[in-house]
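Read through the structure below, which is laid out as structure tokens, and then see the notes.
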2 protein chains.
Amino acid sequence: MSDLSKRRLKAWIRLLGVTRAAENHLREYLRVNHATTLPRFDVMAALYRRREGVTMSELSRMLLVSNGNATAVVDRLEGEGLVRRTPSEADRRTVHVALTPTGATQFEGLAADHEAEVDTLFAALDENDLDTLADIMKRARGQA
Amino acid sequence: MSDLSKRRLKAWIRLLGVTRAAENHLREYLRVNHATTLPRFDVMAALYRRREGVTMSELSRMLLVSNGNATAVVDRLEGEGLVRRTPSEADRRTVHVALTPTGATQFEGLAADHEAEVDTLFAALDENDLDTLADIMKRARGQA
DNA sequence: CACATTTATTTCAAGTTTAAAATTTCAGCA
DNA sequence: TGCTGAAATTTTAAACTTGAAATAAATGTG
């Protein structure tokens, strides 16, 4: 157990702590101010980024969650008319999921507030920190 | 929506991506090689760090999860004899949770392998990166 | 002391998440 | 064509997680 490996472990624990704290904060924020949840927000954000729609598999890969999970969250959003499933014409196994106009409109309001909340959450980090962090994260991601 | 706020959002999304990818990797690792899960590992790690035992509230604060969640995971670990609940003598509302000798022994094996896995997962980060990251994380944590 | 408030924990319902199994469809090939 | 294996999605069971309600016990205040 080298010293370096212990330091990697500590850095990971710290990273996890910051992430969990921020997620808890954002979850509470979405619940209180927008009556929604983090997983729903994540799905809507992914669909907003890919307005033309994505397949269920693409969606679960984007969010790094299992297929079954994506199915469950999309089911609920579809039930509320925020999201629409369209069977693919080319491949009958495939389904395209996309935001409905209602869903897109709702997400735009959500996204602006979410961005503002993230901004205050990480207010302590300046441009230099953000560059450095982005760089480190980019290199860390390579292995996983 | 300032440029800086957009950069904070991007940094957060990147942070979340790395954390999720690493968690998925470690979850898979614990499942395949040790037949256990991340939440169980987290509880055992917290109890190993505080060998004398902690209250349920301390435990949920340490892990940043709800009380009900801590109760559920501790219930399962207790059922398997890895963890023990002891009613407090001073305050009858309070319960002390601690690893059993079996639990402590099992965790020691788990922890060594876990550390090694984290080490390979973040092998791309050197000492300098780790220092910088730790510093940034420490400052980021202040707000949440 | 009596009562209201706070604190610690558990219970509960609903939602989230995973991994594995089941279904359906597609693609390649003998 | 008919078969085999791969791919996309859903379903299922079990575990995890939250937030709120319920319990129980301690604390503080009149």
Side-chain angles (χ1 to χ4, degrees), chain A residues 16 19-21 23-44 46 53-80 82-83 85-97, chain B residues 16 19-21 23-44 46 53-80 82-83 85-97:
Chain A
L16 201 51
T19 304
R20 282 225 223 286
E23 277 191 308
N24 286 347
H25 183 104
L26 291 172
R27 182 198 333 283
E28 172 80 0
Y29 176 79
L30 289 176
R31 184 177 64 83
V32 171
N33 298 84
H34 293 283
T36 190
T37 67
L38 229 29
R40 291 154 93 104
F41 180 85
D42 287 346
V43 167
M44 294 181 81
V54 297
T55 68
M56 292 300 291
S57 297
E58 281 177 306
L59 184 60
S60 57
R61 267 194 301 274
M62 289 170 80
L63 303 178
L64 300 178
V65 301
S66 69
N67 288 352
N69 184 3
T71 296
V73 179
V74 166
D75 280 352
R76 286 185 206 100
L77 291 174
E78 194 180 30
E80 295 173 26
L82 300 171
V83 144
R85 273 185 174 97
T86 315
S88 163
E89 311 216 338
D91 185 338
R92 275 187 297 174
R93 294 170 301 179
T94 303
V95 184
H96 293 285
V97 202
Chain B
L16 201 50
T19 304
R20 283 224 223 286
E23 277 190 309
N24 286 346
H25 182 104
L26 292 172
R27 183 199 331 284
E28 172 80 359
Y29 176 78
L30 288 176
R31 185 178 62 83
V32 171
N33 298 86
H34 292 283
T36 190
T37 67
L38 229 30
R40 291 153 94 103
F41 180 84
D42 287 346
V43 166
M44 293 182 81
V54 297
T55 68
M56 291 301 292
S57 297
E58 280 178 305
L59 185 59
S60 55
R61 268 195 301 275
M62 289 170 80
L63 303 178
L64 301 178
V65 300
S66 68
N67 288 353
N69 185 2
T71 296
V73 179
V74 166
D75 281 351
R76 286 182 209 103
L77 291 173
E78 194 180 30
E80 296 174 26
L82 300 171
V83 145
R85 274 185 173 96
T86 315
S88 161
E89 310 217 339
D91 185 336
R92 275 186 299 173
R93 293 169 303 179
T94 303
V95 183
H96 293 284
V97 202

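Chain letters run A, B, ... following the sequence lines, proteins first, then strands; residues in each count from 1. This structure is a prediction, so every number in the text was calculated from the model and none was measured.
The residue Arg76(A) sits close to a base: some heavy atom pair falls under 4.0 Å. Asp91(A) comes within 4.0 angstrom of sugar-phosphate atoms only, judged by non-hydrogen atoms across all strands, and of no base. Nucleic acid contact class of Ser57(A) (heavy atoms, under 4.0 Å, all strands): sugar-phosphate only.
Between the CD atom of Glu80(B) and the P atom of dA14(D) there is a distance of 15 Å, given to the nearest Å. The distance between atom CG of Leu63(A) and atom P of dT9(D), rounded to the nearest whole Å, is 14 Å. Note: CG (Leu59(B)) to P (dT17(D)) measures 12 Å, nearest angstrom. Atom CG in Asn67(B) sits about 17 Å away from atom P in dA22(D), given to the nearest Å. The CG-P distance, from Leu77(B) to dC16(D), rounds to 8 Å in whole Å. Rounded to whole Å, atom C1' of dA14(C) lies 15 Å from atom CG of Asp75(A). Taking atom CZ of residue Arg85(A) and atom P of nucleotide dA8(D), one finds them 16 Å apart after rounding to whole Å. Rounded to whole Å, the distance from CG on Leu30(A) to P on dT18(D) is 15 Å.
The phosphate of dA8(C) (OP1 or OP2) has no side-chain N or O of Thr94(B) nearer than 4.0 angstrom. Phosphate proximity of dG19(D) to Arg31(A): present, with a side-chain N or O under 4.0 Å from OP1 or OP2. A sub-4.0 Å separation between OP1 or OP2 of dC26(C) and a side-chain N or O of Arg92(A) is present. Side-chain nitrogen and oxygen atoms of Thr37(B) include at least one within less than 4.0 Å of the OP1 or OP2 phosphate oxygen of dC16(D). At the phosphate of dA8(D), neither OP1 nor OP2 sits under 4.0 Å from any side-chain N or O atom of Thr55(A). Between dT18(C) and Arg20(B), no contact under 4.0 Å exists linking OP1 or OP2 to a side-chain N or O. Of the side-chain N and O atoms in Asn69(B), none sit less than 4.0 angstrom from OP1 or OP2 of dC16(D). The side chain of Ser88(B) places no N or O atom within less than 4.0 Å of a non-bridging phosphate oxygen (OP1 or OP2) of dA8(C).
Taking 4.0 Å as the cut-off between side-chain N and carboxylate O, Arg61(B) and Glu58(B) do not count as a salt-bridged pair.
For the side chain to side chain contact (heavy atoms under 4.5 Å, CB included) with Val73(B), the lone residue among Asn69(B), Asp75(B), Thr71(B) that qualifies is Asn69(B).
For the residue pair Thr19(B) and Thr19(A), a side-chain donor N or O sits within less than 3.5 Å of a side-chain acceptor on the partner.
Of the two residues near DNA chain D, Arg27(A) and Arg61(A), the one whose nearest nucleotide lies more 5' is Arg61(A). Mapping Arg40(A) and Ala70(B) onto DNA chain C by nearest heavy atom places Ala70(B) closer to the 5' end of the strand. Between Asn24(A) and Val95(A), the residue anchored nearer the 5' end of DNA chain D, judged by the nucleotide with its closest heavy atom, is Val95(A).
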Quiz item: Given the rule in the side chain to side chain contact (heavy atoms under 4.5 Å, CB included) test, do Arg31(A) and Thr37(A) qualify, once you have shown the distances and angles that lead to the verdict?
Solution: CA-CA 6 Å; Arg31(A) 184 177 64 83; Thr37(A) 67; over 6 Å; no
Practice problem: Decide side chain to side chain contact (heavy atoms under 4.5 Å, CB included) for His34(B) and Arg40(B); before the verdict, give the C-alpha distance in whole Å, the side-chain angles of both, and the deciding distance to 0.1 Å. | Solution: CA-CA 11 Å; His34(B) 292 283; Arg40(B) 291 153 94 103; over 6 Å; no
Quiz prompt | side chain to side chain contact (heavy atoms under 4.5 Å, CB included) evaluation trace for Arg85(B) with Met56(B) | solution = CA-CA 9 Å; Arg85(B) 274 185 173 96; Met56(B) 291 301 292; 4.1 Å; yes
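Donor-acceptor pairing under 3.5 Å, judged by distance alone, is absent between the side chain of Arg93(B) and the base of dT9(C).
In the set dA19(C), dT11(D), dG19(D), dT11(D) carries the atom at the smallest distance from any side-chain atom of Thr71(A).
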